[in-house]
Participant: 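Quick one: this structure, given as structure tokens, is what I'll be asking you about.
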Amino acid sequence: METGKVVVERVGGKSAAIHCYSKYPLKFIIPNKVGPSQIDAVWIYTITYGGGIVSVYKSVESKCSEQVLEARIGSDALLAVIPDPVTCFSTAKYSQTQVFKVFPSSSLLIVDWITSGRYGRGEKWDFELYKSTNNIFLDADEPLFLDTILLEQGRYSSIAERMQDYQVIAMVILLGPKLKFIQDQIQENVKNLMSQQLRIPSGSSGRYGDIDDNPFFTRPSFLASCSVFGPKGRGVVVRIAAMTTESVYSFLQCQLSGLDSLLGVAPYR
């Protein structure tokens, strides 16, 4: 397994990457400037092979492509992991594990999402296996958030049959004091969005009724839920199922737009 390491610390009152190492084909790109100069943030782009180059990504025999990310977020620091979605080719087997160690004053944003595949080529949930594990530990070893998503072709039903019309599933994790304003905002926005999506007009009066009251209810194209975790609800997790990748991009762009004051630019803009 190829490895890499990046260390970011405060140097002269500003955050800077003081150590950066990677072994081919993994590569880190650290631009000199992203956003206004007064914003104290370090952006790190990771680059590796795409799914069309490495044959193992297409699951040769029983092999599984794996990726591991381990991160330690210091006190009063913020880490934002904001990738594009994973898109597995037909027959692929892919597993990723992300482990984060935080302190009570650390802040962490994780976006973890996957599409159904190369939809334009007719590939819809055609991969063999997808597994994504996200574990967060407080003060080095206290479990704060443990989560695994597993999609696997079954003997009696395929992933496509279980997912039906949904083409994207996503999870957004927000933790820590620097993200408290985003947590409050996203919980309220998801609540309002779903209250509209899951209630439909009933009768000529235009009043709204419950889903169970209408047998012709159409499955919403975008579903989201919020829940809190950790002591005193210090973290928020948002889970999403959507019929289009574009709708998830729009949701992330809107809900995370307030991060431009911390990151220099708004994610997914």
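Just so it is clear, the structure is predicted and the values come from calculations on it, not from any experiment. In this chain, numbering begins with 1 at the start of the sequence shown.
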Participant: Under a 3.5 Å distance rule, please check whether Gln183 uses its side chain to pair with a backbone N or O of Leu174 as donor and acceptor.
Facilitator: yes
Participant: Excluding sequence neighbours, so at least two apart, what forms ring pair (Phe, Tyr, Trp, His ring centres under 6.0 Å) with Tyr21?
Facilitator: none
Participant: Should Leu223 and Met194 count as side-chain neighbours, where that means a heavy-atom distance under 4.5 Å?
Facilitator: yes
Participant: Taking the side chain as C-beta and beyond, is there a heavy-atom pair between Asn135 and Phe100 under 4.5 Å?
Facilitator: no
Participant: Give, for atom CG of Leu262 and atom CG of Leu256, the distance between the pair rounded to the nearest 0.5 Å.
Facilitator: 11.5 Å
Participant: Side-chain contact, heavy-atom cut-off 4.5 Å: Thr245 with Tyr119?
Facilitator: no
Participant: Might you point out which heavy atoms bring Phe89 and Arg118 nearest each other, and give the distance in Å?
Facilitator: CE2-NH1, 3.5 Å
Participant: For a quick test of your reading: what N or O donor-acceptor pairs under 3.5 Å do the side chains of residues 137-148 make, sequence neighbours left out?
Facilitator:
from   : atom 1 : to     : atom 2 : distance (Å)
Asp147 : OD1    : Arg239 : NH1    : 3.3
Asp147 : OD1    : Arg239 : NH2    : 2.7
Thr148 : OG1    : Thr133 : OG1    : 3.0

Participant: Compare every heavy atom of Leu79 with every heavy atom of Ala71, then report the nearest pair and how far apart it is.
Facilitator: CB-CD2, 3.7 Å
Participant: Taking atom OH of Tyr130 and atom CD1 of Ile114, what is their separation to the nearest 0.5 Å?
Facilitator: 5.0 Å
Participant: If you take all heavy atoms of Pro220 and Met243, which pair is closest and at what distance?
Facilitator: O-CE, 3.6 Å
Participant: Could you give me the CA-CA distance, side-chain angles and deciding distance for Leu259 and Leu179, then say whether side-chain contact (heavy atoms from CB on, under 4.5 Å) is met?
Facilitator: CA-CA 8 Å; Leu259 287 173; Leu179 300 178; 3.4 Å; yes
Participant: Of the non-hydrogen atoms in Cys88 and Tyr94, which two are nearest, and what is the gap between them?
Facilitator: SG-CB, 4.0 Å
Participant: Do Val68 and Thr3 come close enough that some side-chain heavy atom pair is under 4.5 Å?
Facilitator: no
Participant: Could you tell me the separation between the CD atom of Glu152 and the NZ atom of Lys131, rounded to the nearest 0.5 Å?
Facilitator: 9.5 Å
Participant: Examine distances only and state if a side-chain atom of Gln153 and a backbone atom of Trp125 form a donor-acceptor pair shorter than 3.5 Å.
Facilitator: yes
Participant: Looking at CZ of Arg234 and CZ of Phe229, how far apart are the two atoms once the value is rounded to the nearest 0.5 Å?
Facilitator: 9.0 Å
Participant: Listed by chain and number, what are the ring pair (Phe, Tyr, Trp, His ring centres under 6.0 Å) partners of Phe251, not counting sequence neighbours?
Facilitator: Phe222
Participant: Would you check if the side chain of Ser106 reaches a backbone N or O of Gly74 as a donor-acceptor pair within less than 3.5 Å?
Facilitator: yes
Participant: Is there a path of hydrophobic side-chain contacts, each under 4.5 Å between heavy atoms of I/L/V/M/F/W/Y residues, joining Val168 to Leu193?
Facilitator: yes
Participant: Are Thr46 and Leu69 side-chain neighbours, meaning at least one heavy-atom pair lies under 4.5 Å?
Facilitator: no
Participant: Would Val190 and Ile182 show up in the same hydrophobic cluster when neighbours are defined by side-chain heavy atoms closer than 4.5 Å?
Facilitator: yes
Participant: Quick one: list whatever passes side-chain hydrogen bond (donor to acceptor under 3.5 Å, both in side chains) with Ser132, sequence neighbours left out.
Facilitator: Gln96, Asp112
Participant: About how many Å separate OG1 of Thr115 and CD of Gln167, when rounded to the nearest 0.5 Å?
Facilitator: 8.5 Å
Participant: Decide yes or no for Leu109 and Val172: does some side-chain heavy atom of the first lie under 4.5 Å from some side-chain heavy atom of the second?
Facilitator: yes
Participant: Donor-acceptor pair, distance only, cut-off 3.5 Å: does the side chain of Tyr249 make one with the backbone of Arg269?
Facilitator: no
Participant: Cluster question for you: counting only ILVMFWY and a side-chain heavy-atom cut-off of under 4.5 Å, with indirect links fine, are Leu263 and Tyr45 together?
Facilitator: yes
Participant: Ignoring hydrogens, what is the shortest heavy-atom contact between Ala170 and Val248? Give both atom names and the distance.
Facilitator: CB-CG1, 4.3 Å
Participant: Checking Arg72 now: which residues fulfil salt bridge (Lys or Arg N to Asp or Glu O under 4.0 Å) with it, not counting sequence neighbours?
Facilitator: none
Participant: Please answer: with hydrophobic residues joined when any side-chain heavy atoms are less than 4.5 Å apart, are Val238 and Phe181 in the same cluster?
Facilitator: yes
Participant: Listing request: all salt bridge (charged side-chain N to carboxylate O under 4.0 Å, His left out) pairs with a residue in residues 159-180, at least two apart in sequence or in separate chains.
Facilitator: Asp165-Arg219, Lys180-Asp184
Participant: Please name the pair of heavy atoms, one in Ile30 and one in Cys20, separated by the smallest distance, quoted to 0.1 Å.
Facilitator: CD1-SG, 4.0 Å
Participant: Hydrophobic clustering (ILVMFWY, side-chain heavy atoms < 4.5 Å, transitive) - are Val86 and Ile149 grouped together?
Facilitator: yes
Participant: To the nearest 0.5 Å, what is the distance between CD1 (Ile169) and OG (Ser116)?
Facilitator: 10.5 Å
Participant: For the side chain of Ser107 and the backbone of Leu78, is there at least one donor-acceptor N/O pair under 3.5 Å apart?
Facilitator: no
Participant: Step by step, would you call Leu150 with Leu129 a side-chain contact (heavy atoms from CB on, under 4.5 Å)?
Facilitator: CA-CA 7 Å; Leu150 175 63; Leu129 179 145; 4.2 Å; yes
Participant: Does Ser247 reach the main-chain N or O of Thr244 with its side chain, forming a donor-acceptor pair under 3.5 Å?
Facilitator: yes
Participant: Would you say Ile173 and Leu108 make side-chain contact, with heavy atoms under 4.5 Å?
Facilitator: no
Participant: With the side chain counted from C-beta on, respond yes when Ile240 and Trp113 share a heavy-atom pair under 4.5 Å apart, and no when they do not.
Facilitator: no
Participant: Take Glu128 and Lys93, measure what salt bridge (charged side-chain N to carboxylate O under 4.0 Å, His left out) needs, and give me the verdict at the end.
Facilitator: CA-CA 5 Å; Glu128 291 296 319; Lys93 291 182 179 180; 6.0 Å; no
